[in-house]
There are 2 protein chains.
Amino acid sequence: MAKPALHEVPPPAPAPVEGVRAVDRALVLLRAFRDDDGPLPLTELSRRAGLNMTTALRLLGTLEGHGFIKRLPSGGYMLGATLLLLGDVFKRSLRLEHHVMPALERLRAESRESAAFFVREGDQRRCVFRLDSPQIVRDIAHVGEAQPLGRGAHGRSLVALETGTPLPVVTRGERLPQIAAIACPVLNAAGEVAGSIGISVPLYRFDAEIEALCTPLVMREAIAMTRDLGGDPTPLERLRR
Amino acid sequence: MAKPALHEVPPPAPAPVEGVRAVDRALVLLRAFRDDDGPLPLTELSRRAGLNMTTALRLLGTLEGHGFIKRLPSGGYMLGATLLLLGDVFKRSLRLEHHVMPALERLRAESRESAAFFVREGDQRRCVFRLDSPQIVRDIAHVGEAQPLGRGAHGRSLVALETGTPLPVVTRGERLPQIAAIACPVLNAAGEVAGSIGISVPLYRFDAEIEALCTPLVMREAIAMTRDLGGDPTPLERLRR
DNA sequence: CAGTCACTTCCGTCAGATGGAAGTCACTTG
DNA sequence: CAAGTGACTTCCATCTGACGGAAGTGACTG
C-alpha cells in the first residue's frame, strides 16, 4: 500500500552525515526547520528527521534544555534563542562586522539597491552580511546561504585575483536569471581575499545609468575596506577595468 | 600538587542540564565558545566542556559534519556557518524583522544613538535586533543576550501594560550605571505585547535636549509598528506620560 | 636525544540510547 | 454517547554504540 504522503515537504534527505548517532540525529532535527515555517508539531519533526517519535521527543527535550529549541505552550516546537546567540558569536568571530556593515550601509544608501558581503568557504561562497534594497521590488536572499564559486558576480569576484577577471565583476542574469550584480574582492593584511562586497539589482532596472553609478561605489568600498583591514589595494587597482 | 590553571577562563559551569548524554555534551561544546575568542584548540575546548579529549574529538567531528563547527586547516575549532543560517531562521520565525529593522533605522538616523528591539521570554527579555549608534562613544550590547524583566527601560516597558507605567519608559543608569534608555512596548493584532522598541544613550550625554528629541521618536515608532502588526495602539496612548 | 605537549587511533566494557507497546487526552464520526 | 482516530507521552527490556584508558604519532624544546 502506498504511503499517504499528506504533507508537502518530502522526507528531506535524512542527512548523509556520520558520527555519534544521538548527536547526529539531534542536529538533523535542528536542520529540519526551514525558512520561515512556524511552530512544527512533534509528528512533523520526527517525520522530517526520519526518527521514531519517542526518540525525537527525547532529543528535543535535551535541545530545549540548552535553548536550541523552544517549546510553545500551545504545542509545537520552534528554534530557540541560543541559536541567535551562537550565530552572532560566529559572525563576530570573523572579525569583519565592524568594517562590513558601515560599508554596506553606504552602498545601499547611495545606490538604493541591495548590498551584500560574501566569504569564501572551500569551493563555495557564503552570504554573511546583507542589507535589502529600500525599494519595493528587490531580490530575496538570506544571510547564511551557500552558493557556488565561479558563478555569479560574487562567485567570480572571490577568485578574480586567480583568474585575472577585470574588476569590479559585473554579471547580468548569470546565476539568477532576473538579477544583475556588481562585486569586488576585499583583501586583508595578509594579502588574502577576505571576502567580496557588492550590489545586486533586479535586471529590469539595471541600465547604463545605474551601472555607471554603482561600479565606482563598489570599487570605492572594496578599496576602503581593504585599507581598513590593513591590506594593500594595489592588486585590485591593477585589475580595474 | 595544585593544578597549573594556565588559562584565564575557568571551567565554566558544566551546564546543569540533563537529557541524552551525548547530545547534552555536544551542545555544551557549542556553548563553550564565548564572545569573540578565535579558534580554540581541542585541549581548551574539552577543558571548558569538562570532557575527555577523546569524547570531545568524536563529538566535534559529528558537529563538523553538520556545519555547526568549522575545523581550521591551521588547527583549532570555530563555530560553523550552519549557526548563522539557523540563527537567521530563528529571527525570521518571529516574523518581526520586516517591521523592526526599518523602525530601528529611522530611530538611529534621527537620534544618532543606538536602537534596539527586545522580546519577552518567560521572566526574561532578550535583545533580538539592534543597531549601534554611529557615534564613537556608545554602549556595547549583543543581539541574543538575555536580561531580567522589570529592570531597565525595556525590562519595564515589556510589563508596562500590567504595571501601568507611563510611556515611554525612561531610565537613567538603572540596570547599567552609565546608560540611559527610552523604551515603549509594541502590540500585535491580538493585543499582546509583541516586544519593546527603544533607544539607549550613554548617560553623560543624556540631557534634557536629547530626551526631548528621543521621547516622541520612540513613541511614534512603537505606535507605527503596532499599527503595522495590525494592533490597536490605544492602550499605549492611554499610558502616554 | 630525551622530554613534553597536542592530538589521534584503537578497542573492550557496560552505561544508556533506543523503539515497541501501552496509556492519556482531545476531537471527530456514526 | 460510544467507538474511533490521531497527537503526544511514559515505561521498560534489549543490546547497540558511546565511552575513556592506553598506546601511537608528530612537532617542538631544551
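All chains are named by letter (A, B, ...) in the order of the sequence lines, taking the proteins before the strands, and each is independently numbered beginning at 1. If you're wondering where the values come from, they're calculated on a predicted model, not measured in any experiment.
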Nearest whole Å is fine: how far is [N] [atom2] from [X] [atom1]?
X     : N      : atom1 : atom2 : value
B:L60 : D:dA18 : CG    : C1'   : 15 Å
A:Y77 : D:dA7  : OH    : P     : 14 Å
A:L51 : D:dT9  : CG    : P     : 15 Å
B:N52 : D:dA22 : CG    : C1'   : 11 Å
A:D24 : D:dG17 : CG    : P     : 12 Å
A:M53 : D:dC11 : CE    : P     : 16 Å
B:L59 : C:dT8  : CG    : P     : 14 Å
B:L42 : C:dC5  : CG    : C1'   : 12 Å

Is there a side-chain contact between [X] and the phosphate of [N], meaning an N or O under 4.0 Å from OP1 or OP2?
X     : N      : result
B:R25 : D:dC19 : yes
B:R21 : D:dA18 : no
A:T54 : C:dG20 : no
A:R58 : C:dG16 : no
B:T55 : D:dG20 : yes

Under-4.0 Å salt bridge between B:E44 and B:R48: yes

Minimum side-chain heavy-atom gap B:L30-B:I69 below 4.5 Å: yes

Side chain proximity check, A:F68 to A:L83, heavy atoms < 4.5 angstrom: yes

A:Q124 and A:Q147: CA distance, side-chain angles, deciding distance, side chain to side chain contact (heavy atoms under 4.5 Å, CB included) verdict: CA-CA 6 Å; A:Q124 293 202 302; A:Q147 285 153 21; over 6 Å; no

DNA chain D: 5'-proximal contact among A:A22 and A:P41 (nearest heavy atom): A:P41

Side chain to side chain donor-acceptor pair (under 3.5 Å) between A:D139 and A:S200, worked out: CA-CA 8 Å; A:D139 60 311; A:S200 62; 3.1 Å; yes

Per A:V20 side chain, nearest of listed nucleotides D:dA18, C:dT8, C:dG20: D:dA18

